Protein chains: 2
Amino acid sequence: MINDRKDLSAVARRNDHSREELKELILDAAWDIVAVNGSESLTARGIGKKIGYVPGTIYNIFPSMEVLHLHLNARTMDMLFEKLEKTACKKNGTFEEKLFQLASSYIRFSEQYQPFWMTLFTTDIQECKKNHSWYEEKIERIFEPLNTILKQYLRGKDARQIEADSYILWSSVHGLVYLWVTGKASYLEAGQGQRRSGKKALETAIRLLISTYVAGISARKITV
Amino acid sequence: MINDRKDLSAVARRNDHSREELKELILDAAWDIVAVNGSESLTARGIGKKIGYVPGTIYNIFPSMEVLHLHLNARTMDMLFEKLEKTACKKNGTFEEKLFQLASSYIRFSEQYQPFWMTLFTTDIQECKKNHSWYEEKIERIFEPLNTILKQYLRGKDARQIEADSYILWSSVHGLVYLWVTGKASYLEAGQGQRRSGKKALETAIRLLISTYVAGISARKITV
DNA sequence: AATAATATTGAACAATGTTCAAAATAATAA
DNA sequence: TTATTATTTTGAACATTGTTCAATATTATT
């Protein structure tokens with residue numbers, strides 16, 4: 001009967017799992033809960049129940065639920081980065097087409113992993129800035145795939161200029177996607193009149209954004 | 001001693017305030033609390049204490065704290081709209097300069113009313129879609145000032161095209177501002193190297209965005 | 001003056017994050 | 001082997017939160 005998790009009278013120091021295993025267990029359970037029931041239903045008690053531990057145990061691994069959220073976000077960002085990089089590496093298509101495919105990947109990701117993706121932006125990052133520099137590095141990485149594409153197609157241009165453009169372009173696409181996902185862009189929804197509606201409208205808008213911005217890169221007068 | 005709010009034994013049906021007055025009282029108090037202590041510290045009990053009522057009273061006026069948030073957001077959007085409209089109506093400056101001034105107003109607003117502005121994007125809008133169509137109208141209004149400027153300077157172009165461009169441009173600016181305010185844009189912060197840092201960097205980026213997009217409007221090949 | 005309507009309360013409920021002393025077990029030393 | 005130390009895990013508690021609702025005191029009406 002020793003180390004049997006079903007035996008609730010056997011208390012303390014079960015040591016079924018190392019700290020690292022426990023961390024994975026907790027994050028896996030948390031991920032499941034958010035995937036099934038949304039991010040508002042992620043609680044310490046819920047995680048505990050799911051892995052056969054008590055809420056307090058979670059605080060042995062994470063100092064607070066907020067930090068746990070940061071680690072969930074880390075997983076989300078890793079997945080997003082992988083997806084973007086895969087898309088950026090494909091060898092076919094024109095410049096604009098590649099840019100659109102990257103944006104398209106971002107759209108799909110925001111749909112497919114909506115609650116996780118939303119949490120990226122609702123988690124307060126202030127505490128994170130103090131102790132978790134790895135977090136900011138993961139953020140920066142998200143901008144890289146676009147930067148790579150721009151470098152490839154704008155050879156010869158100033159590196160700083162390219163960096164600025166990729167940052168601006170990415171933030172712009174993000175702005176459109178964000179307002180779309182959160183439903184704060186009625187422009188993209190109203191099916192009335194000659195407007196397209198929903199995702200199609202978003203894709204059209206993003207195509208136009210990319211087309212216009214790329215044309216502007218050659219035509220504009222000022223630089224960074 | 002009748003109707004004296006200090007007399008706590010005088011209970012029920014004080015009728016010091018009409019429902020409408022109470023609504024204003026509650027929202028005023030809520031606004032103060034958020035302004036001083038941030039939006040996380042906005043609680044039904046806190047509001048009640050501040051106006052000399054009990055938490056339950058708030059539920060006579062608002063069906064839930066979430067709806068109260070929507071009404072706070074309404075105030076925020078009204079103020080933002082006023083500010084943007086004022087800026088858009090000024091008669092001086094070139095096209096690009098006017099666009100930048102509008103964006104600049106948005107930046108200032110997001111700084112000055114940060115917690116209120118943030119709440120606009122953290123409040124879940126789903127419930128609102130059911131019963132509060134006035135809310136979506138307030139959102140739509142935010143896009144109008146930019147639309148007005150574009151119409152003014154792009155006379156002769158297709159109205160639908162202009163609407164699309166103003167929507168895209170506004171969302172793009174918003175994307176940049178949002179990532180800046182929430183601290184998720186390390187590009188705008190790293191003071192290292194030759195990058196500008198902080199607000200100056202944001203302004204530079206937005207200037208470049210506007211410049212590039214406007215140049216692109218004339219140079220691009222596809223339209224909506 | 002009696003009755004109906006209603007604004008307001010106070011107390012409760014369930015759920016949350018979080019803390020921490022106590023307990024049980026593993027690791028180590030004697 | 002036995003005793004001691006160190007560590008993991010618990011369970012119970014605390015403070016807050018949103019929210020509900022019967023009871024009550026006041027106003028309005030008949």
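All figures in this text were calculated on a predicted structure; none of them were measured in a lab.
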According to a strict under-4.0 Å criterion, is Y53(B) in side-chain N/O contact with OP1 or OP2 of dT9(C)?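 Result: no.
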
Short side-chain N/O contact from T57(A) to OP1 or OP2 of dT10(D), under 4.0 Å: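 So the side chain of T57(A) is within the cut-off, an N or O lying under 4.0 Å from OP1 or OP2 of dT10(D).
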
Starting at [atom1] of [X] and ending at [atom2] of [N], how long is that distance when rounded to a whole Å?
X	N	atom1	atom2	result
M65(B)	dT17(D)	CE	C1'	10 Å
N60(B)	dT19(D)	CG	P	14 Å
I47(B)	dG18(D)	CD1	P	8 Å
E66(A)	dT16(C)	CD	C1'	15 Å
I51(A)	dT8(D)	CD1	C1'	13 Å
I61(A)	dG17(C)	CD1	P	17 Å
D16(B)	dT27(D)	CG	P	9 Å
I58(A)	dT10(D)	CD1	C1'	13 Å

Does the pair K50(B)/D28(B) count as a salt bridge with the N-to-O cut at 4.0 Å?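 Judged by the 4.0 Å cut-off on N to carboxylate O distance, K50(B) and D28(B) do not form a salt bridge.
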
NZ/NE/NH1/NH2 to OD/OE distance under 4.0 Å, E111(B) and K199(B):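 The answer is yes: the pair qualifies as a salt bridge.
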
If you define the side chain from C-beta out and look only at heavy atoms, does anything of V177(A) sit under 4.5 Å from F109(A)?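 Of all side-chain heavy-atom pairs linking F109(A) with V177(A), none is under 4.5 Å.
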
Got I125(A) and I139(A) here, is their nearest side-chain heavy-atom distance under 4.5 Å?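 I125(A) vs I139(A): side chains touch.
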
Qualifying residues under ring-ring contact (aromatic ring centres under 6.0 Å, His included), relative to [X], sequence neighbours excluded:
X	value
F116(A)	W31(A)
F121(B)	W117(B), H174(B), Y178(B)
H71(B)	F62(B), W134(B)

Only counting residues at least two apart or in another chain, list the ones meeting side chain to side chain donor-acceptor pair (under 3.5 Å) with E24(A). R75(A)

Nearest heavy atom decides the nucleotide; on that basis, is L22(B) or R45(B) closer to the 5' end of DNA chain C? L22(B)

Members of residues 34-44 of chain B that approach DNA chain D, where some heavy atom sits under 4.0 Å away: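 Contacting residues: L42(B), T43(B), A44(B).
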
Pairwise N/O distances under 3.5 Å, protein to nucleotides 19-21 of chain C:
none

Side chains of Y167(B) and N147(B): donor-acceptor distance under 3.5 Å anywhere?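 The answer is no; no qualifying pair exists.
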
